[in-house]
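Okay, so here's the structure we're looking at.
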Amino acid sequence: MSFPPRFLDDLRNRILLSDLIARKVKLSRRGHEFTGLCPFHNEKTPSFTINDEKGFYHCFGCGAHGDIVRFMMETEKMTFVEAVEYLAQMAGLPLPKASPEQMKREYRRHGLTDIMEAACLFFQSQLFGPNGAKARQYLGSRGITPALAKRFRLGYAPKGSALFAHLTEKKYPLSECINLGLIVEGHENHARHDYFYDRIMFPILDRRRRVIAFGGRLMAKGEPKYLNSPETDLFHKGEQLYALPNAIDTIRKTNQAILVEGYMDVISLHEAGFTNAVAPLGTAFTENQLGLLWQITDEPIICFDGDNAGRKASIRALNKALPLLKPGKSLRFVFLPDTFDPDDMIRKKSPEAFKSAVQGAKSFIDTLWMTLLEGRSLDTPERMAKLEQDATESVQTIQNEAVRKRYLKEIKNRIWRLNQKRSNRNLSLTGFQSISRPLPDLGSGKMLLSYLICYPHLAQFFLEEISSMRPQEKDLDNLLNQILETLLEKPETTSLELQETIPEELKNQLLPEIEMLKKSNRTDSDVRAELQQFLQALRLKALHREKQLKTQSYLADHNPETYHQIKYIEEEIEKLSEII
């Protein structure tokens, strides 16, 4: 739906921007403007400015900029139309009348949704009537109570052509019933019969909770197990998500959506308290469905079945989303145990088991890396080169330049770490001692320990590398060993618990660094990248020191083996310098 510019201007004039934003942000007047802490990123010093005269807000920290409509879209995860309708209601401003052509389209659409609503009510009456006993029994065996069935407006399509008779009696146009995929007309004898036959019926609703299609499930063995409405003027299956109207409030509130494969999964999850679950409609996850989710949440979670087909569907979703990634918009992935689907996890294990799986969802980059490594042998330079080539080609498909650059850097980093492990193994077999351990000086040693103490949950990613560090101060070295042992034995150790184990004298010595790290406003992702770069800088310093020592040794005895070792070290310095 489009709105005339004059109407939008009137809407902006009716609602004072500062009044709208003051509902979410504490504002202070500064001359003709207001300032406050930006609602779009974490900050401690206000950089968010509102100018009522010009009708826009702007953040000098993150660059967020817009008017009242944009503010509602960004903070409430609304579409443009939803934001305008909400603000118009707030302002007491009637929505503009549509053009004659729009009125005609809306009138026909209203008629079509009336037919679909009548079909839905018919299926519901059949489920809870004499014909629905077998269907009710089946739903009960799947843990779906009558109350839950009514909540999702489930129904039953009986045998025969009962729906055709019902719609005919209601005098709905037969041509429209056929176009909507409710009735089928034979090509030769023009005999008419119901499209859905002896199936559990799942109505599919649009964002305004109007019935636009159905999914029908067989209760016995047969094909197809699921049958969806065909494409119609109301329904384009690649643009809709099952149960989105039921889930949208929770998704907006939690900024989290769980995408599962089937209707039954969605209903089971909602009953178990996961009311942010939705599903595609019997088709592969599409770009339009991803865009629909990104309108209301930043990182939807893909949780398809744990079998091979579900895993392949997850990878297809990853490849579909990869080119579309942009700052702040991504996906996360949950891989369930083999043969389990979300419904199984809830009924055969527990809601807590499913919750734990969701909390452990893998990031997009971790999932991409896992798929790149899967089934590969990396025991030769050629195979390592092939991994690097395939990874780079995948990442190059990302359209957003800022995200693409970060992914390329992360992939280089991971390949370098793989090379490090492989090179160290090979060198130990030839008798060459691996590069000597980094020896952080006093300042670097204190910073390393402070990172461990402040962010033990992030340090888990680097324990192997950190364990090779040896602070030059004996007390700091002993403390590092103590903390590493604690984290290895009890990975869930918190920052507070770690601090309680540190001798007071050492704690005071580290206090400035700890306070500095805790005061900054950074995300876990920022800290992880920062810690990784810090460790790489220490490793690079160790490489330069090792090269200097080996060079002095070579100048003294001209040993060919030492020369080869120097060349190896130079290669490692070059690789690491590209990453940092």
Side-chain angles (χ1 to χ4, degrees), residues 79 105-127 135 139 144 149-158 161-164 166-167 170 172-185 192-219 223-248 257 259-267 270 277-293:
T79 63
R105 286 196 299 270
E106 283 298 314
Y107 180 78
R108 179 171 181 265
R109 185 180 180 89
H110 182 72
L112 297 180
T113 54
D114 278 351
I115 297 173
M116 297 301 281
E117 177 65 22
C120 184
L121 291 172
F122 172 78
F123 291 140
Q124 285 183 281
S125 69
Q126 291 296 304
L127 176 63
L139 290 174
I144 297 178
K150 289 176 181 178
R151 180 173 155 196
F152 282 87
R153 304 194 67 187
L154 303 190
Y156 170 65
S161 295
L163 177 63
F164 172 52
H166 177 75
L167 296 176
K170 294 287 186 181
Y172 287 115
L174 177 61
S175 60
E176 297 289 38
C177 295
I178 293 172
N179 290 336
L180 288 169
L182 297 172
I183 307 301
V184 177
E185 185 173 43
R192 291 127 183 179
H193 59 86
D194 294 354
Y195 181 71
F196 294 101
Y197 179 92
D198 194 24
R199 290 175 181 265
I200 301 289
M201 298 301 292
F202 300 83
I204 298 163
L205 313 182
D206 66 10
R207 295 274 289 268
R208 296 168 67 179
R209 295 184 176 274
R210 298 174 299 187
V211 182
I212 57 172
F214 294 95
R217 189 193 196 285
L218 287 176
M219 292 171 282
E223 293 296 334
K225 182 167 71 172
Y226 279 98
L227 181 65
N228 285 329
S229 293
E231 297 273 317
T232 70
D233 290 341
L234 291 180
F235 177 57
H236 304 283
K237 62 183 178 180
E239 299 176 2
Q240 302 291 336
L241 290 166
Y242 179 66
L244 184 59
N246 305 71
I248 194 166
L259 187 77
V260 294
E261 282 191 71
Y263 306 134
M264 297 295 288
D265 292 326
V266 169
I267 294 173
H270 276 249
V278 294
L281 302 168
T283 183
F285 187 47
T286 68
E287 294 178 6
N288 288 330
Q289 289 168 337
L290 176 60
L292 183 58
L293 282 174

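Just so it is clear, the structure is predicted and the values come from calculations on it, not from any experiment.
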* Please step through side chain to side chain contact (heavy atoms under 4.5 Å, CB included) for the pair F285 and L293, ending with a clear verdict. => CA-CA 11 Å; F285 187 47; L293 282 174; 4.1 Å; yes
* To do: List the steps and the verdict of side chain to side chain contact (heavy atoms under 4.5 Å, CB included) for M219 and D198.
  => CA-CA 8 Å; M219 292 171 282; D198 194 24; 3.6 Å; yes
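The distance from atom CG of L180 to atom CE of M116, rounded to the nearest 0.5 Å, is 5.5 Å. Taken to the nearest 0.5 Å, the CD atom of E223 stands 8.0 Å off from the CG atom of L218. Put simply, CD1 on I212 and NE2 on H236 are 9.0 Å apart, with the number rounded to the nearest 0.5 Å. Taken to the nearest 0.5 Å, the CD atom of Q124 stands 11.0 Å off from the CE atom of M201. Rounded to the nearest 0.5 angstrom, N179 CG and L234 CG are separated by 10.5 Å. The structure places CG of D194 at 8.5 Å from CG of L182, a figure rounded to the nearest 0.5 Å.
Of all heavy-atom pairs spanning S161 and R192, the tightest one is OG-O, 3.9 Å. Scanning both residues, P280 and V260, for their nearest heavy atoms gives CD-O, 3.1 Å. Scanning all heavy atoms of the two residues, the minimum distance from N288 to G238 falls at CB-O, 3.4 Å. Shown here for Y242 and I204, the closest heavy-atom pair between the two residues is CD1-CG1, 4.2 Å. Nearest heavy-atom pair, A118 versus L167, reported as atom, atom and distance to 0.1 Å: CB-CD2, 4.3 Å. What you find for G262 and A279 is that their closest heavy atoms are O-CB, 4.0 Å.
Within the 3.5 Å criterion, the main-chain N or O of Q289 finds no donor-acceptor partner in the side chain of E239. Here the side chain of H270 pairs a donor or acceptor atom with the backbone of A277 at under 3.5 angstrom. R209 contributes a side-chain N or O that, together with a main-chain N or O of P245, makes up a donor-acceptor pair within less than 3.5 Å.
Taking the centre of each ring, Y263 and F152 stay at or above the 6.0 Å mark. Between Y195 and F214, the ring center distance fails the sub-6.0 Å criterion.
Inter-residue side-chain proximity for T286 and K237 is flagged as unmet; no heavy-atom pair is nearer than 4.5 Å. No side-chain heavy atom of N228 sits less than 4.5 Å from a side-chain heavy atom of F202. The shortest side-chain heavy-atom distance between V266 and N246 does not fall under the 4.5 Å cut-off. Residues R153 and E117 meet the side-chain proximity criterion, which asks for heavy atoms closer than 4.5 Å.
Not counting sequence neighbours, the partners of P158 by the side chain to side chain contact (heavy atoms under 4.5 Å, CB included) test are F122, Q126, Y156, A162. Here F196 pairs with nothing under the ring pair (Phe, Tyr, Trp, His ring centres under 6.0 Å) rule; sequence neighbours left out.
Applying side chain to side chain contact (heavy atoms under 4.5 Å, CB included) to F235 and the options V211, L281, D206, L112 leaves one that passes, L281.
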